[in-house]
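Data block below; observations after.
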Protein chains: 2
Amino acid sequence: MPSSKTKDLEQAARLFHALSDQTRLRIIDCLLECEQCVCDLTDMLQAGQSRLSFHLKILKDAGILKDRREGRWIYYSLNPDTIEELQEYAGSLKTRSHAVTGGSPCCD
Amino acid sequence: MPSSKTKDLEQAARLFHALSDQTRLRIIDCLLECEQCVCDLTDMLQAGQSRLSFHLKILKDAGILKDRREGRWIYYSLNPDTIEELQEYAGSLKTRSHAVTGGSPCCD
DNA sequence: TTGACGCATCAAGAAACCTTGATTCAAATA
DNA sequence: TATTTGAATCAAGGTTTCTTGATGCGTCAA
């Protein structure tokens, strides 16, 4: 039974892993302006369809993207909640590390 | 000759990759309070020495950690500049995506 | 100088990841 | 219904990543 801390770490690691690939960062970049369907993305990124599906799935599983079907097309868009989460994590790192800035020698 | 945009992506991907592993996130957590030497970390994280060195190197190469030698010991600490960078990236994502929130149908 | 200690690095194997092309599936059109 | 189209999934292969144990290197103490 994994503790909630372990689960947090797992979720954070998954999130960062999803962001650790240039193709996926480019996908995110394309989706900043507006939602896109897969075929638009293949054009924009000059990447094969199965390759894109692979990366889209990783981003979606990490909670970074949402999708919605409209007829034959599936539109992907950013999930603001996860972006928020990412920013909060970064922010908390900064806050917590700033509290002890200056190469503090240490605790115990 | 890679464009600066490509280099940004590369750097961002490297940064996120460094954060994409639970062991490394735990290392960062240990370093939030204060700098630590490797043997402290092996105790705290219950991890083998070579394994820790491996992960420390990845974090250091990504610019997330700094190290300093003191006699036999090498102390690792967070690099505030990179934490800042991370927060800025997350913040810019949020800003730019927020500008078009609401599942805007699109541009083309 | 020798030995012990803290740490980095190497070598090898296992696991995870990414790419490509083929197949499958669902929705739309003919 | 048969075909086409947009997209997910599968299979196979190459590449990267992670772990472990062994080795090497610098620093200190005896």
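Reminder, nothing fancy here: chain letters follow the sequence lines and each chain counts from 1. In this text, all values refer to a predicted model and were calculated from it rather than measured experimentally.
Using a 4.0 Å heavy-atom criterion, one finds that B/L52 contacts no nucleic acid atom at all. Across all strands, A/I58 comes closer than 4.0 Å only to sugar-phosphate atoms, never to a base (heavy-atom distances).
Chain A approaches DNA chain C over the interval C/dC17 to C/dT29, counting the first and last nucleotide 5' to 3' with an atom under 4.0 Å from its heavy atoms.
Every residue was checked against the side-chain contact (heavy atoms from CB on, under 4.5 Å) condition with B/Q46, not counting sequence neighbours, and none meets it. With sequence neighbours left out, B/L9 forms a side-chain contact (heavy atoms from CB on, under 4.5 Å) with A/Q22, A/L25, A/R26. For A/E84, the salt bridge (Lys or Arg N to Asp or Glu O under 4.0 Å) criterion is met by B/K94, not counting sequence neighbours. Take A/H55 and apply the side chain to side chain donor-acceptor pair (under 3.5 Å) test, not counting sequence neighbours, and it matches A/R24. Not counting sequence neighbours, A/D43 has no partner by the side chain to side chain donor-acceptor pair (under 3.5 Å) test. In this structure, the side-chain contact (heavy atoms from CB on, under 4.5 Å) partners of A/C30, at least two apart in sequence or on a different chain, are A/L41, A/M44, A/L45. Checked against salt bridge (Lys or Arg N to Asp or Glu O under 4.0 Å), B/D67 has the following partners two or more places apart in sequence or in another chain: B/K60. Residues forming a salt bridge (Lys or Arg N to Asp or Glu O under 4.0 Å) with A/D29 (at least two apart in sequence, or on another chain): B/K5, B/R96.
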Identify the pairs formed between an N or O of the protein and an N or O of nucleotides 22-30 of chain D at a distance under 3.5 Å, and give each distance.
none

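Side-chain atoms of B/S53 never come within 3.5 Å of backbone atoms of B/S50 as a donor-acceptor pair (strictly under, hydrogens ignored).
If you take CZ of A/R51 and P of D/dA7, they are 17 Å apart, rounded to a whole angstrom. Counting to the nearest Å, the C1' atom of D/dT5 and the CD1 atom of A/I74 are 13 Å from each other.
Between B/L56 and A/H17, the residue anchored nearer the 5' end of DNA chain C, judged by the nucleotide with its closest heavy atom, is B/L56. If you find the closest nucleotide of DNA chain D to A/Y76 and to B/F54, the one lying nearer the 5' end belongs to A/Y76.
Using a 30° and 60° split on the angle between ring planes, B/F16 and A/F16 fall in the parallel class, below 30°.
DNA chain C lies under 4.0 Å from at least one heavy atom of each of the following residues of residues 19-28 of chain A: A/D21, A/R24.
Within the structure, salt bridge (Lys or Arg N to Asp or Glu O under 4.0 Å) pairs that include any residue of residues 48-59 of chain A comprise A/K57-A/D61 (at least two apart or interchain).
For D/dT17, the OP1/OP2 oxygens have no side-chain nitrogen or oxygen of B/H55 closer than 4.0 Å.
The A/K57 side chain lies nearest to D/dT9 when the options are D/dA8, D/dT20, D/dT9.
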